[in-house]
J.: 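Can you keep this structure in mind? I'll have questions shortly.
Remember, it's 1-based here, ligands and their atoms both numbered in the order they're listed.
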Amino acid sequence: MNYQSPISPGRSWYEDTAGPRPEYPALDGDRTCDVVIVGGGFTGLSAAAHLAKAGANVVLIEAHRFGDGASGRNGGQLGTGQRAWAEELEAEYGFARAKALFDLAEEAKAHLLEFAAVNNIEIDYMPGQMSVAHKQRYVDDYKAHAEIMANRFNYPHMTFMDAGETAERLGSAAYFGGTRDTGTGHIHPLKLVIGTAMVAAEAGAQLFEQTPSTGISSSGGKVRVTTPKGTITAEKCLIGVNAYGGTLEPVSAAHIMPIGSFIGATVPLGTDSKVLPGGEAVDDSRFVVRYFRKTRDGRLLFGGREIYAVNDPKDIHIHIRRQISELYPELKDVEITHGWGGYVGITVPRKPFVREVMPNVISAGGYSGHGVMLSNFFGKLYAETIAGNRDRLKLIEDLKIPPFPGGRRFRTPLLFLALNWFALRDRI
Ligand SMILES: Cc1cc2nc3c(=O)[nH]c(=O)nc-3n(C[C@H](O)[C@H](O)[C@H](O)COP(=O)(O)OP(=O)(O)OC[C@H]3O[C@@H](n4cnc5c(N)ncnc54)[C@H](O)[C@@H]3O)c2cc1C
């Protein structure tokens, strides 16, 4: 059985700059608890911290080390709202639900920053995010979006940028316009992972690394999670394995598909560099999205999804440098010090997946590249659910998420074809 999650390729710049990263023991022996959590990314660790603080007896197991999935290796961009624009959600669900989903995401953003501040976790927050059009035909969409955000969703922090302002703020003439959002920003994600684990441990959660779950079952009102050296018996279970779950739990696996995304970090660019002088993060309108940002020490962290397999971290350096030079020709020979990848968990409609997959077992994931703030908040919402209030998690549970066509066997070739098509569309 393929329960063991793959390890992501390449050593990240985050690992070299996160500071001390405490190791947690592997589980050896049986345990009984109120809640067992499988997966030590943002979803699982945040749930563990909130549950333990509320007095629950919690056991969390992670197959590798905390943050070795997407949470310690991502682009660090918080974004605003859900992955789907609020107006798209309104078209599908009506204004009241779209607004509720938008407000939930705003709360998620505030929660992340507040959680870090209250618990003295230094996450290197830098404000500002821009979303930019790589084709002229998308510019009007961004313009309309900024207006809708301000006038309909009461979000005052987003403004439209014309081509001139976009070029100035990016230090690149490669884009045609976009939006600038001063109400969000970007972080060092691994620092948040490490800090959240420490908060959970201090609150009394029992945390285990190098402990893969080999199976999850639910019967007679009890959940049993097996591992190589012990079984955990609990009242409730949260599955937070997202894109890394393999075949551990079939319903989640049918709805959440892993796709690779890769990031390269350059050397510090120096104070005279014209790249992103305001320090904002950026994502673009490509379906195979490019996302990049400056770090506090002046590096460019540049990410992109790739449709081909990357076997060697050095391949990441080559692909990322090529993409960087398309936007910043002056960086065509820039030294890339780190190249790494990870798996993003996507769903068919690019909305998060939360479902009770068997009695007393809830699975959460599929944040579709928008999980930094949402996954942390869903951990809190799960804790709320255990405390007896499921209303807010229900907002997400009620979203329509169909399984991927083709089953686990054929969906990857289908996705490959689809990504090829979208990559072609991005270019024309
Ligand atoms: C390269 C990259 C860039 C990204 N950029 C952004 C971004 O800029 N903004 C944004 O909002 N989102 C981004 N994302 C997505 C974001 O990182 C995720 O949505 C979020 O981290 C999901 O957290 P999680 O805890 O649900 O999953 P993960 O962090 O993936 O954690 C799941 C954990 O479960 C463990 N696991 C799996 N199977 C088992 C098992 N059988 N037993 C025990 N443990 C198991 C894994 O080892 C893993 O640690 C990016 C993702 C990647 C990969």
J.: Are any of the side-chain heavy atoms of Arg21 and Glu15 separated by less than 4.5 Å?
T.: yes
J.: Find all atoms of ligand 1 within a distance of less than 4.0 Å from any non-hydrogen atom belonging to Ser261, and give their numbers and elements.
T.: 1 (C)
J.: Find out whether Phe292 and Asp284 are in side-chain contact, i.e. whether some heavy atom of one side chain is under 4.5 Å from a heavy atom of the other.
T.: no
J.: Just jot down the ligand 1 atoms closer than 4.0 angstrom to any heavy atom of Gly240, in number order.
T.: 31 (O), 32 (C), 33 (C), 34 (O)
J.: Hey, does Asn74 come in under 3.5 Å of ligand 1, counting only N/O atoms on both sides?
T.: yes
J.: Would one find an N or O of Tyr343, backbone or side chain, under 3.5 Å from an N or O of ligand 1?
T.: no
J.: Looking only at atom types and distance, does a side-chain atom of Arg299 sit under 3.5 Å from a main-chain N or O of Thr266, one as donor and one as acceptor?
T.: yes
J.: Locate the shortest heavy-atom distance separating Ser285 from Ala133; write the atom from each residue and the value.
T.: OG-CA, 3.4 Å
J.: Of all residues at least two apart in sequence or in a different chain, which pass the salt bridge (charged side-chain N to carboxylate O under 4.0 Å, His left out) check with Asp141?
T.: none
J.: So is Asp68 polar-close to ligand 1, meaning N/O to N/O under 3.5 Å?
T.: no
J.: Answer whether the closest heavy-atom distance between the side chains of Ile148 and Tyr155 falls below 4.5 Å.
T.: no
J.: Any Lys/Arg nitrogen of Glu92 or Arg97 sitting under 4.0 Å from an Asp/Glu carboxylate oxygen of the other?
T.: no
J.: Any atom of ligand 1 sitting under 4.0 Å from a heavy atom of Thr211?
T.: yes
J.: Give yes or no for whether the N/O distance cutoff of 3.5 Å, strictly under, is met between Val372 and ligand 1.
T.: yes
J.: Measuring from non-hydrogen atoms of Gly369 to any atom of ligand 1, is the shortest distance under 4.0 Å?
T.: yes
J.: What part of His186, side chain from CB on, backbone N/CA/C/O, both or neither, has a heavy atom under 4.0 Å from ligand 1?
T.: neither
J.: So for ligand 1, is Ala63 a polar contact partner (N or O within less than 3.5 Å, distance only)?
T.: yes
J.: Check this for me: does any side-chain nitrogen of one of Asp124 and Lys191 sit under 4.0 Å from a carboxylate oxygen of the other?
T.: yes
J.: Considering Val241, Thr247, Leu374, Ile346, which one's heavy-atom position lies nearest to atom 36 (N) of ligand 1?
T.: Val241
J.: State the atoms of ligand 1, each with its element, that fall below the 4.0 Å cut-off from a heavy-atom position in Tyr367.
T.: 19 (O), 22 (C), 26 (O)
J.: Would a distance-only check, ignoring hydrogens and angles, find a side-chain to backbone donor-acceptor pair under 3.5 Å from Gln82 to Ala84?
T.: no
J.: Provide the number and element of each atom of ligand 1 under 4.0 Å from a heavy atom of Tyr291.
T.: 1 (C), 2 (C), 3 (C)
J.: Just which atoms of ligand 1 are under 4.0 Å from any heavy atom in Arg73?
T.: 1 (C)
J.: Should the pair Glu397-Arg390 be classified as a salt bridge under the 4.0 Å nitrogen-to-oxygen rule?
T.: yes
J.: Are the side chain of Ser273 and the backbone of Leu269 linked by a donor-acceptor contact shorter than 3.5 Å?
T.: no
J.: Quick check on Ala243 - does any of its heavy atoms sit under 4.0 Å from an atom of ligand 1?
T.: no
J.: Hey, is ligand 1 close enough to Gly75 that some N/O pair sits below 3.5 Å?
T.: yes
J.: Please determine if Phe42 has a nitrogen or oxygen closer than 3.5 Å to a nitrogen or oxygen of ligand 1.
T.: yes
J.: Counting C-beta onward and ignoring hydrogens, is there a side-chain heavy-atom pair between Val348 and Phe404 closer than 4.5 Å?
T.: yes
J.: May I ask whether Pro212 places a heavy atom under 4.0 Å from ligand 1?
T.: yes
J.: So, Arg290 and Asp283, do they make that salt bridge, N to O below 4.0 Å?
T.: no
J.: Salt bridge (charged side-chain N to carboxylate O under 4.0 Å, His left out): which pairs involve residues 243-264, sequence neighbours left out?
T.: none
J.: Is there any N or O on Glu62 that sits under 3.5 Å from an N or O of ligand 1?
T.: yes
J.: Closest by any non-hydrogen atom to atom 22 (C) of ligand 1: pick that one out of Asp283, Thr214, Ile256, Asn242.
T.: Asn242
J.: Which part of Thr43 is near ligand 1, with near meaning a heavy atom under 4.0 Å away: side chain, backbone, both or neither?
T.: both
J.: Examine Gln77 against ligand 1 and note whether any of their N/O atoms are separated by less than 3.5 Å.
T.: yes
J.: What do the steps show when you test Asn376 against His111 for side-chain hydrogen bond (donor to acceptor under 3.5 Å, both in side chains), and what is the final call?
T.: CA-CA 8 Å; Asn376 278 286; His111 164 260; over 6 Å; no
J.: Just which atoms of ligand 1 are under 4.0 Å from any heavy atom in Gly39?
T.: 33 (C), 34 (O), 35 (C), 44 (N)
J.: Please state which option from Gly67, Ser71, Gly44 has its nearest heavy atom closest to atom 20 (C) of ligand 1.
T.: Ser71
J.: Between the main-chain N or O of Arg65 and the side-chain N or O of Asp68, is there a donor-acceptor pair closer than 3.5 Å?
T.: yes
J.: Which of the atoms of ligand 1 are close to Gly371, meaning less than 4.0 Å from one of its heavy atoms?
T.: 10 (C), 11 (O), 12 (N), 19 (O)
J.: Should Gly76 be listed as contacting ligand 1, given a heavy-atom distance under 4.0 Å as the test?
T.: yes
J.: Less than 3.5 Å between some nitrogen or oxygen of Tyr244 and one of ligand 1, yes or no?
T.: yes
